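For reference, the structure is listed below as C-alpha cells.
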Amino acid sequence: MNNKYQIAIDGPASAGKSTVAKIVAKDLQYVYCDTGAMYRVVTLKAIQNGIDLNDETKISEMLNDTDIRFELGEPVQKVFLDGNEVTEDIRQTNVTNSVSTIAAQKAVREVLTNWQRDLAKNGGIVMDGRDIGSAVLPNAEVKIFLIASVQERAERRYKENIAKGMETDLEQLKKEIEIRDHKDSTRKISPLTKASDAIEVDTTSMSIQDVVNEILRIVENASKRK
Ligand code: DC
C-alpha cells in the first residue's frame, strides 16, 4: 500500500480520535501527530508563565520561543515543552478547560498550522484534530470525521479518569464536553467542521478495534482509487 498518504482524523472532544489515530499510525507504520496536544502545550505554557490567556499579543510573543516535540510512548505519545516532559500536565482539568480560549486565537492557529503542515509535507502521517481535513491538510488523501453521542464521550472520559485515579463527576464531564463542543464549533477561525469530502464514522456503539478496522478499510479503498 502507498505509504505516503496524509490521513486526517477530525471530530469533537473525546470521540476517540487519538486512541484510534495512534493505532492506525502504528499499523500503517506512519507518524502520528496529535494536534490537540499542541494547543494544550501552548495553554500550559501560558498558565505556567502567568500570561493572561486572552492577551493574544503576549501569547504570540511566547510562541516565538516555544519548542514542542513528540516522542513515541506507550500507552500514550510523550509530549515535551521546551525540553521538559508535559505528557500528563497537559491533560489536567485547568488546561482542558482553558484550551478553547487559546485555540480560538488567530496567531496561535497560524503558527501551529504551519508546524503541522511541515510535519505532514512528506505524507505517511495520521494527524488528528478539529480542522485537519478542512483547513490544515485540505488535500489529504483520507479524511475521517469521528463522532459519538455526548453521553458516550462523557462516559469514556469518566472511565479514563477513574483509571488514572482522578475523581470526576459524570454530569460535570457532560457539561464540560458540551461547552467545549460549542466553543470549538462556533469560533470564528477554523471551527470544528466536517470537510465536504470527509467520511463520517459514528463510534457510539463501536469498539476501538472496530473503528480502527473501519478506518483501515477506508484507507485501503482510497489506495484502490489511486
Ligand atoms: O483533542 P483535544 O481535546 O486534546 O483538543 C484540545 C483543544 O484544542 C480542543 O478544545 C480544540 C482544540 N483543537 C483545535 O482547535 N484544533 C485542532 N486541530 C486540535 C485541537
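Note that ligands are numbered from 1 as they come in the structure, with each ligand's atoms numbered from 1 the same way. Basis for what follows: all heavy atoms, side chains included, without hydrogens, waters or symmetry-related copies. Nothing here was measured: the structure is a model prediction, and the numbers come from that model.
- Defined by atom type and a distance below 3.5 Å, a donor-acceptor pair is missing between the side-chain atoms of Ser134 and Asp131.
- For OH of Tyr32, the number of neighbouring non-hydrogen atoms (other residues, nucleotides, ligands) closer than 6.0 Å is greater than 12.
- Looking at Thr96, its side chain never comes within 3.5 Å of a backbone N or O of Asn94 through a donor-acceptor pair.
- The only option from Glu171, Glu176, Glu178 that meets the salt bridge (Lys or Arg N to Asp or Glu O under 4.0 Å) definition with Lys174 turns out to be Glu171.
- Around ligand 1 you find Thr35, Gly36, Tyr39, Arg40, Arg91, Val99, Ser100, Ala103, Arg109, Gly129, Arg130, Asp131, Ile132, Arg180, Asp184, Arg187, each with a heavy-atom distance below 4.0 Å.
- For Asp10 (side chain) and Phe145 (main-chain N/O), no donor-acceptor pair under 3.5 Å exists by modelled atom type.
- Under the 4.5 Å side-chain heavy-atom criterion for grouping Ile, Leu, Val, Met, Phe, Trp and Tyr, Ile59 is connected to Leu44 within one hydrophobic cluster.
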